[in-house]
Visitor: 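Sending over a structure as structure tokens; questions will come in a sec.
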Number of protein chains: 2
Amino acid sequence: MDGARERITTNIRKGVLEYCVLALLSRRDMYGLELADWLAVRGLTASEGSLYPLLARMRQAGTVQTRWVAPEQGHARRYYAITDQGRAHLRVFATVWREIQPHVDELMGEEG
Amino acid sequence: MDGARERITTNIRKGVLEYCVLALLSRRDMYGLELADWLAVRGLTASEGSLYPLLARMRQAGTVQTRWVAPEQGHARRYYAITDQGRAHLRVFATVWREIQPHVDELMGEEG
DNA sequence: CCACATGTCTTGCATAGCAAGGTATCTTGC
DNA sequence: GCAAGATACCTTGCTATGCAAGACATGTGG
């Protein structure tokens, strides 16, 4: 067996990871590892190695903004919040997703 | 407005195009432009510039095989057919898709 | 004070869509 | 015949992005 399954999963994630992050942040602010864990459990990302560079890009693009929070116990954390621009991008993604996903679903529906 | 929508669409396609092709070929053999038209109409690809290199890779990977067909009228066409290996990859994709797609759907369901 | 967990981030690589451009062959109209 | 356009195939070069691996810093517990 080659790494076919990993390659497949990786490529699907390329299209959706950024907008899953935006959707999560539209519910509530979260910090890096918290996002990483939530996403990893659901198979939406593999490690922080993809998430932190993505978050940095998003911050630069202006779809998220951040603040440091120092809890009374434990490590200082950088919390991420979605911006208005981020919400706009998320709406565009949701539209595109609803256009493409049914076609893929239909094609895969005949499988298995 | 930047090219946000195009970037989003392009990245979703990166994950699914190859397996939409396999799913189509599991129905019947098709030739290059025929595949390109079918996929373009449904927003699954933008031009032959992505399809032909993909088909070449797939041929090399052994998930499809090809034969030339010269019709009585018109151009000679290279027809693509799915192989057993292609069918196996398609099944793996369908499984992964069914794992990931519901999570994305749920996250996007709250959008607009 | 040493080991481990928790947090953030970087480096370098491999992959794949696509715009643009190229070539050849077949049909149609004059 | 011959020019123009449709049909069919393919290539080059660019860019974007997930990720393995690793680095670093700080807090916690024995």
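Every chain is numbered from 1 and lettered A, B, ... according to where its sequence line falls, protein lines coming before strand lines. Since we're looking at a predicted model, the values are computed, not measured.
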Visitor: On DNA chain D, which is the earliest and which the latest nucleotide, 5' to 3', with an atom closer than 4.0 Å to a heavy atom of chain B?
Guide: D/dT7 to D/dT17
Visitor: Quick one: pull up CD in B/Q65 and OG1 in B/T83 and give me the separation to the nearest 0.5 Å.
Guide: 6.5 Å
Visitor: Taking C-beta and beyond as the side chain, do B/N11 and B/K14 meet within less than 4.5 Å on heavy atoms?
Guide: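 They are in side-chain contact.
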Visitor: Could you check whether B/R5 pairs with A/E99 (Lys NZ or Arg NE/NH1/NH2 to Asp/Glu carboxylate O, under 4.0 Å)?
Guide: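 Salt bridge present between B/R5 and A/E99.
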Visitor: Taking the side chain as every heavy atom from C-beta outward, state whether A/L90 and A/L25 have any atom pair closer than 4.5 Å.
Guide: no
Visitor: Going from OG1 on A/T45 to CH2 on A/W38, what distance comes out if it is rounded to the nearest 0.5 angstrom?
Guide: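 Those atoms lie 12.0 Å apart.
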Visitor: Quick one: how far along DNA chain C does chain A reach, first to last nucleotide 5' to 3', anything under 4.0 Å to a heavy atom?
Guide: C/dT6 to C/dA16
Visitor: Students often get this wrong, so: under 4.0 angstrom with heavy atoms, is A/L51 touching a base, only sugar-phosphate, or nothing?
Guide: nothing
Visitor: Under the ring pair (Phe, Tyr, Trp, His ring centres under 6.0 Å) rule, collect the residues that match up with A/Y19, sequence neighbours excluded.
Guide: A/F93
Visitor: Is there side-chain contact between A/L24 and A/L39, with heavy atoms separated by less than 4.5 Å?
Guide: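 Yes - at least one pair of side-chain heavy atoms lies under 4.5 Å apart.
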Visitor: Within this structure, what is the CG-CD distance for the pair A/L22 and A/Q85, rounded to the nearest 0.5 Å?
Guide: 10.0 Å
Visitor: Compute the bend angle of the helix from C/dC1-D/dG30 to C/dC30-D/dG1 from the end axes (five pairs per end), rounded to 10°.
Guide: 10°
Visitor: Rounded to the nearest 0.5 Å, what's the gap from CD on B/E18 to OG on B/S50? Could you check?
Guide: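 Atom-to-atom, B/E18:CD and B/S50:OG are 12.0 Å apart.
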Visitor: When you measure from the side chain of A/R27 to the backbone of A/A23, do you find a donor-acceptor pair of N or O atoms at a distance under 3.5 Å?
Guide: no
Visitor: Between atom CD1 of A/I12 and atom CD1 of B/I12, what is the distance when rounded to the nearest 0.5 Å?
Guide: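 The distance works out to 11.5 Å.
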Visitor: What's the separation between atom CH2 in A/W68 and atom CZ in A/R78, rounded to the nearest 0.5 Å?
Guide: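 Reported to 0.5 Å precision, the distance equals 5.0 Å.
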Visitor: Where each residue is assigned the nucleotide of DNA chain C containing its nearest heavy atom, which of A/G32 and A/R7 is assigned the position nearer the 5′ end?
Guide: A/G32
Visitor: Donor-acceptor pairs under 3.5 angstrom involving side-chain atoms of residues 51-64 of chain A: please list them, not counting sequence neighbours.
Guide:
from: A/T63; atom 1: OG1; to: A/M58; atom 2: O; distance (Å): 3.3

Visitor: Under 4.0 Å from any atom of DNA chain D, heavy atoms only: list the residues of residues 59-83 of chain A that qualify, in numerical order.
Guide: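 A/Q73, A/G74, A/H75 - these, ordered by number, are the residues of the stretch whose heavy atoms sit under 4.0 Å from the strand.
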